[in-house]
*Asks:* 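I'd like to ask you about the structure that follows.
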Amino acid sequence: KTVKQIIREQKRINNRSIRELDRELNRLKREQKKCENEMRKLAKQGQNEAVKHLAKDIVRMKATQTKFIKLKAELRGLSAQMDTMAATAQLQTAMKNVSKTLVTLGNSIKLPQLQAALQKYQMENEKMEMKQEMISDAMDDVLDADSDEE
């Protein structure tokens, strides 16, 4: 398996766990509301022991909800780390390909031949500039002569 496939599988498992935690959190909230309603009903009836017991249950449920929320945050952080790992792996692959290309390029270019070609290009470029300058001067002379005749 490639790194990309492994990361994809782990992210899928991670996302499944996050959804499961969300469902469990919602179930706990519904249960908490039921307990609160039951507690109110029992308080009206004057059953203080039952109210205390339900209050302890609600405190436990809130603590569990807090733990679930922390766990969800950790799972999301883990998911972000997996994204970073995937990007790093992709970058490593790209850098490996670039280094191979550079080695091939370095082997195919012969430095003395390249220097000779560059010198020849510079000489030809200077010749072209001289010719261009001469043509430009000749055109200026012709145009000056035409303007003098008028």
*Asks:* Quickly, which of Glu74, Met82, Arg76 forms a side-chain contact (heavy atoms from CB on, under 4.5 Å) with Leu78? Name it, please.
*Replies:*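 Of all the options given, the one that passes is Met82.
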*Asks:* Using modelled atom types only, decide if a donor and an acceptor are shared between the side chain of Ser17 and the backbone of Ile13 within a distance under 3.5 Å.
*Replies:*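 It does hold such a pair.
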*Asks:* Measure the shortest side-chain to side-chain distance between Glu124 and Met128 over non-hydrogen atoms and say whether it is less than 4.5 angstrom.
*Replies:*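 Side-chain contact under 4.5 Å: no.
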*Asks:* Got a second to check how far Glu31's CD is from Gln65's CD, nearest 0.5 Å?
*Replies:*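 These two atoms lie 11.0 Å from each other.
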*Asks:* Which one of Arg40, Met39, Lys41 satisfies the side-chain contact (heavy atoms from CB on, under 4.5 Å) criterion with Asn37?
*Replies:*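 Filter result, single survivor: Arg40.
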*Asks:* Is there a path of hydrophobic side-chain contacts, each under 4.5 Å between heavy atoms of I/L/V/M/F/W/Y residues, joining Met61 to Leu42?
*Replies:*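 Each belongs to a different hydrophobic cluster.
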*Asks:* Locate the shortest heavy-atom distance separating Asp57 from Arg60; write the atom from each residue and the value.
*Replies:*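 Where Asp57 meets Arg60 most closely, the heavy atoms are OD1-NH1, 2.6 Å.
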*Asks:* Is the backbone of Leu75 close enough, under 3.5 Å, to the side chain of Ser79 for a donor and an acceptor to pair up by distance?
*Replies:*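 No: the side chain of Ser79 does not pair with the backbone of Leu75.
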*Asks:* Please round to the nearest 0.5 Å and tell me the distance separating atom CD of Glu38 and atom CD1 of Ile58.
*Replies:*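 With rounding to 0.5 Å, CD (Glu38) is 10.5 Å from CD1 (Ile58).
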*Asks:* Check the pair Asp22 / Arg19 against salt bridge (charged side-chain N to carboxylate O under 4.0 Å, His left out), numbers first and verdict last.
*Replies:* CA-CA 5 Å; Asp22 281 334; Arg19 284 192 304 273; over 6 Å; no
*Asks:* Please find the pair of heavy atoms, one from Val3 and one from Ala89, that lie closest to each other, and give the distance.
*Replies:*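 Nearest heavy atoms, Val3 then Ala89: CG1-CB, 4.0 Å.
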*Asks:* Does a side-chain N-to-carboxylate-O contact under 4.0 Å join Arg27 and Glu24?
*Replies:*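 Here Arg27 pairs with Glu24 in a salt bridge, since their nearest N and O are under 4.0 Å apart.
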*Asks:* Heavy-atom count check: over 12 atoms from other residues, nucleotides or ligands less than 6.0 Å from Glu36 CD?
*Replies:*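 Yes.
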*Asks:* Take Asn26 and Arg23 through the test side-chain hydrogen bond (donor to acceptor under 3.5 Å, both in side chains) and record every step on the way to the result.
*Replies:* CA-CA 5 Å; Asn26 289 333; Arg23 284 191 291 271; over 6 Å; no
*Asks:* Quick one: CD on Glu129 to CD on Glu126, what's the gap to the nearest 0.5 Å?
*Replies:*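 One finds 7.0 Å between CD of Glu129 and CD of Glu126.
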*Asks:* Within the structure provided, determine whether Glu49 and Lys52 are in side-chain contact (heavy-atom separation under 4.5 Å).
*Replies:*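 Yes. Closest side-chain heavy atoms under 4.5 Å.
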*Asks:* Between atom CG of Leu71 and atom OG1 of Thr64, what is the distance when rounded to the nearest 0.5 Å?
*Replies:*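 These two atoms lie 12.0 Å from each other.
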*Asks:* Would you give the length of the straight line joining atom NZ of Lys34 to atom CG of Leu54, rounded to the nearest 0.5 angstrom?
*Replies:*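 Answer rounded to 0.5 Å: 13.0 Å.
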*Asks:* Does the side chain of Asn15 come under 3.5 Å of the side chain of Arg12 through a donor N or O and an acceptor N or O?
*Replies:*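 Checked: Asn15/Arg12 side chains show no N/O donor-acceptor pair below 3.5 Å.
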*Asks:* Is Leu118 linked to Leu105 within one hydrophobic cluster, defined over Ile, Leu, Val, Met, Phe, Trp and Tyr using a side-chain heavy-atom separation of less than 4.5 Å?
*Replies:*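 Looking at the clustering, Leu105 is in the same group as Leu118.
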*Asks:* Using 0.5 Å steps for rounding, measure from the OG1 atom of Thr66 to the CG atom of Leu25.
*Replies:*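 That separation rounds to 9.0 Å.
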*Asks:* Give a yes or no on whether Ile6 and Met85 share a hydrophobic cluster (residues Ile, Leu, Val, Met, Phe, Trp, Tyr; joining criterion: side-chain heavy atoms under 4.5 Å apart).
*Replies:*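 Ile6 and Met85: separate clusters.
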